[in-house]
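Beneath this line is the structure, given in structure tokens, with notes to follow.
Note that the coordinates shown come from a computational prediction; the quantities given were computed from them, not determined experimentally.
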Amino acid sequence: MEILSRVRSFGGWQLVCRHDSAVTGTPMRFGVYLPPQADDANVPVLWFLSGLTCTEANFTEKAGAQRVAADLGLMLVVPDTSPRGEGVANDEAYDLGQGAGFYLDATQAPWAPHFMMESWITVELPQVIAAEFPADMARQGITGHSMGGHGALTLALRHPETYRAVSAFAPIVAPRQCPWGEKAFTAYLGPDRKTWRAHDACDLIADGARFGKSVTTVLVDQGTADSFLQNQLMPELLHTACAESGIALKLRMQEGYDHSYYFIASFVEDHLRHHAAALNA
């Protein structure tokens, strides 16, 4: 692992790192915020998964999360959104290919050799974090925005033993039923829509998947002025799925907020405190 940059922030350190991933076959970047408490002890880890077109820089530079993470003693880990580089498949559109990994392991050509995002985030990168940083891997939470909100929900449902707290900002809750998801899933997973259900939060819940036992409430914030609300995000489908399955969902419709990082920065403290309460319980 290589530390590309290291800057002081609220008594801790904001790092940008890179390692050679065996599962993606490429160098992969990620951000890590080490709170001051990490100087003396292992600290809980909160994963933030970013949205379409983003890198690790969007959250680390725009969300303003370091101040609260320093106060709460949370390590923030922010992975890149896809493999990148020469020889990695790509598409001219913003919603497929590099920058649009959708946090799953692709099974179809030309994506399968490198687009192994679920394995990277749930298996390989945690091993790097545990080896290189003072991380308490028994206390992990996961959150994300848009495509990353989809990733946070689905990875938490698919790996309930890993994450003790879950939240999301404007998540894609039913990718099997929206244009972004239909396009990406067709490319990465193939035309058989039955295989898509394993990577769709609403379908996973309907099919019996549940969050970890320590996840008492899932927090979701959604802006009412989000231009993607009606045809891509559809939070009402998650509300129905959770209500029918007995999952406690706190869905907050935030009046006038859009899909941008101004929205995320406005409510990121609430999400960090939501996770800290669960991870420190």
Side-chain angles (χ1 to χ4, degrees), residues 10 12 31-35 37-38 42-51 58-60 62-79 103 121 135-173 201 205 210-224 226 233 235 238-239 241-243 245-255 257 259 261-281:
F10 294 99
V32 176
Y33 177 69
L34 298 174
Q37 295 86 342
N42 288 354
V43 295
V45 177
L46 176 58
W47 298 80
F48 182 91
L49 307 184
S50 300
N58 294 74
F59 182 79
T60 58
K62 295 180 179 180
Q66 292 89 348
R67 176 186 60 81
V68 182
D71 180 47
L72 299 174
L74 290 176
M75 181 186 302
L76 304 177
V77 180
V78 188
Y103 304 103
I121 288 173
D136 183 349
M137 303 306 284
R139 294 186 291 162
Q140 296 183 67
I142 191 166
T143 185
H145 172 231
S146 194
M147 178 185 72
H150 142 77
L153 295 172
T154 57
L155 295 185
L157 287 163
R158 288 170 59 82
H159 305 272
E161 73 287 350
T162 300
Y163 306 105
R164 292 175 51 177
V166 183
S167 72
F169 298 85
I172 305 171
V173 304
I205 292 170
R210 295 294 181 266
F211 299 104
K213 293 181 179 179
S214 63
V215 178
T216 57
T217 303
V218 177
L219 173 63
V220 172
D221 276 313
Q222 172 64 62
T224 62
D226 191 322
L233 304 177
L238 181 65
H239 180 271
C242 289
S245 64
I247 295 173
L249 172 68
K250 188 174 185 179
L251 173 60
R252 307 192 305 185
M253 301 300 296
Q254 303 292 0
E255 186 66 31
Y257 284 88
H259 201 68
Y261 266 81
Y262 294 107
F263 159 63
I264 295 173
S266 297
F267 302 104
V268 71
E269 179 169 353
D270 291 352
H271 284 247
L272 267 62
R273 294 192 180 280
H274 166 82
H275 285 269
L279 298 180
N280 292 321

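- Neither side chain, N42 nor R139, offers a donor N or O lying under 3.5 Å from an acceptor on the other.
- Within the model, atoms CG of L153 and CG of L249 stand 9.0 Å from one another, a figure rounded to the nearest 0.5 Å.
- Atom-to-atom distance recorded for H274:NE2 and D221:CG is 10.5 Å, nearest 0.5 angstrom.
- The salt bridge (charged side-chain N to carboxylate O under 4.0 Å, His left out) test applied to R67 returns E269, not counting sequence neighbours.
- The main-chain N or O of Q222 is never found under 3.5 Å from a side-chain atom of R252 such that the two would form a donor-acceptor pair.
- Closest approach of L46 to T143, counting heavy atoms only: CD1-CG2, 4.1 Å.
- When all heavy atoms are compared, the tightest approach of R164 to L279 is CB-CD2, 3.8 Å.
- Counted within 6.0 Å of CD on E161, heavy atoms from surrounding residues, nucleotides or ligands total more than 12; the atom is thus considered enclosed.
- Here the CZ atom belonging to R158 is positioned 15.5 Å from the OH atom belonging to Y103, to the nearest 0.5 angstrom.
- Annotation: side chain of H259 is in contact with side chain of S146 (closest heavy-atom distance under 4.5 Å).
- The heavy-atom pair separating A168 from G149 by the smallest distance is CB-CA, 4.0 Å.
- Looking only at distances, no side-chain donor or acceptor of Q254 sits under 3.5 Å from a matching main-chain atom of S266.
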Evaluate R210 against S245 for side-chain contact (heavy atoms from CB on, under 4.5 Å), listing each step before the verdict.
CA-CA 9 Å; R210 295 294 181 266; S245 64; 3.2 Å; yes
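- Pairing each heavy atom of A201 with each of T154, the nearest pair is N-CG2, 3.6 Å.
- A heavy-atom distance below 4.5 Å is not found between the side chains of V45 and D136.
- Ring centroids of F48 and H271 are separated by 6.0 Å or more, keeping the two rings apart.
- The distance from atom CG of L34 to atom CG of L76, rounded to the nearest 0.5 Å, is 9.5 Å.
- Counting heavy atoms from C-beta outward, I264 and K62 have side chains that stay 4.5 Å or more apart.
- Nearest approach of A156 to V166, heavy atoms of both residues: CB-CG2, 3.6 Å.
- Looking at every heavy atom in both residues, I205 comes nearest to C242 through CD1-SG, 4.0 Å.
- Taking the side chain as every heavy atom from C-beta outward, F10 and V68 never approach each other to under 4.5 Å.
- For F267 and Y257, the ring centers sit closer than 6.0 Å to each other.
- Side-chain contact between K250 and V220: absent, with no pair of heavy atoms (C-beta onward) separated by less than 4.5 Å.
- In this structure, CE in M253 is found 10.5 Å from NE2 in H239, a value given to the nearest 0.5 Å.
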Derivation and outcome, side-chain contact (heavy atoms from CB on, under 4.5 Å), residues I172 and L233:
CA-CA 5 Å; I172 305 171; L233 304 177; 3.9 Å; yes
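- The aromatic rings of Y261 and H145 sit perpendicular, their planes meeting at an angle over 60°, well past the 30° parallel limit.
- Contact check for V78 versus W47: no side-chain heavy atoms found under the 4.5 Å cut-off.
- Side-chain contact check for V218 versus F211: some heavy-atom pair is nearer than 4.5 Å.
- Using a 4.5 Å heavy-atom cutoff, the side chains of L49 and I142 are in contact.
- Contact check on R273 versus D270 returns no salt bridge, with no Lys/Arg side-chain nitrogen under 4.0 Å from an Asp/Glu carboxylate oxygen.
- Separating the CG atom in L219 from the OG atom in S167 is a distance of 5.5 Å, to the nearest 0.5 Å.
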